[in-house]
Amino acid sequence: MMAFLPAAKADDLWQGELLSLNIGGVSVFLTRLPEGVRAYKNACPHQGVPLTDGWLHDCLLTCSAHQWEFNLSNGQGMNPESARLTTYAVKEEGGVIYIDPESERNIP
Ligand code: FES
C-alpha cells in the first residue's frame with residue numbers, strides 16, 4: 001500500500017538542486033529535473049557516501065568520493081553502468097512534494 005508523506009514545499013526545490021531530508025527514518029534526496037521531481041536514497045551504492053555531497057550537471061550526478069556517475073532521470077549508473085540508485089515513489093500536488101519512504105526499489 002502506498003503511503004505518501006509530505007517531504008518538502010515545491011518552492012524549496014529548484015531545478016538543478018539536491019535537497020537532502022529524512023523521512024520515515026530514511027535518508028533521501030530530492031532533485032528537480034525538467035521532466036519532474038525524483039527521489040533517491042542519499043547513499044552512494046559504492047560505499048554509502050551521501051550523494052548530496054556530489055556534483056550535479058544537468059541530470060548527471062557525480063559522487064564526491066570516487067567519482068561514480070549516475071543519471072538522475074532514472075537512477076541508472078553511467079560509470080560504472082552496473083550501479084543503480086535506490087529510488088522512491090514521489091509526487092507533487094498542490095505545491096507540496098510527497099514521498100513514499102516504503103516504496104524503495106531498484107530499477108532492473
Ligand atoms: S562512495 Fe560514491 S563513488 Fe565511492
Side-chain angles (χ1 to χ4, degrees):
M1 196 177 111
M2 298 291 253
F4 281 100
L5 302 176
K9 285 193 278 181
D11 284 349
D12 290 341
L13 183 66
W14 291 55
Q15 205 164 302
E17 284 185 335
L18 302 171
L19 180 66
S20 71
L21 50 100
N22 214 291
I23 186 155
V26 181
S27 183
V28 175
F29 74 93
L30 293 170
T31 192
R32 183 185 295 285
L33 302 174
E35 59 266 41
V37 176
R38 299 287 186 272
Y40 296 105
K41 180 179 273 190
N42 195 8
C44 182
H46 180 215
Q47 290 184 1
V49 169
L51 289 166
T52 46
D53 289 350
W55 307 284
L56 182 63
H57 295 284
D58 299 322
C59 66
L60 189 71
L61 178 75
T62 306
C63 180
S64 62
H66 315 98
Q67 283 74 55
W68 281 24
E69 294 176 323
F70 304 94
N71 178 351
L72 292 192
S73 299
N74 55 13
Q76 180 145 11
M78 303 301 287
N79 180 23
E81 285 184 7
S82 58
R84 295 287 183 274
L85 298 184
T86 300
T87 185
Y88 298 89
V90 60
K91 67 176 182 178
E92 197 172 352
E93 245 175 47
V96 178
I97 298 167
Y98 297 85
I99 299 175
D100 180 350
E102 293 179 359
S103 64
E104 177 174 316
R105 71 185 174 87
N106 287 87
I107 58 168

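First listed ligand is number 1; within each ligand, the first listed atom is number 1. Here the structure is a predicted model, which means the values were calculated and not measured.
- The minimum distance between atom 4 (Fe) of ligand 1 and any N, O or S atom of His66 involves atom ND1.
- In this structure, the side chain of Arg38 does not engage the main chain of Thr31 through any donor-acceptor pair within 3.5 Å.
- For atom 3 (S) of ligand 1, the nearest non-hydrogen atom from the set His46, Gln47, Glu69 belongs to His46.
- Looking only at distances, a side-chain donor or acceptor of Thr87 sits under 3.5 Å from a matching main-chain atom of Ala39.
- The side-chain heavy atoms of Leu85 and Leu51, taken from C-beta on, include a pair separated by under 4.5 Å.
- For the pair Lys91 and Phe4, the cation-pi criterion (under 6.0 Å, within 45° of the ring axis) is fulfilled.
- Taking a cutoff of 4.0 Å between a charged side-chain nitrogen and a carboxylate oxygen, Glu92 and Lys9 do not qualify as a salt bridge.
- If you number the atoms of ligand 1 from 1 as listed, the ones under 4.0 Å from a heavy atom of Val49 come out as 1 (S).
- Atom 4 (Fe) of ligand 1 does not have Cys63 among its coordinating residues (no N/O/S atom, backbone or side chain, under 2.8 Å).
- Among the backbone and side-chain atoms of Cys44, none of the N, O or S atoms lies under 2.8 Å from atom 4 (Fe) of ligand 1.
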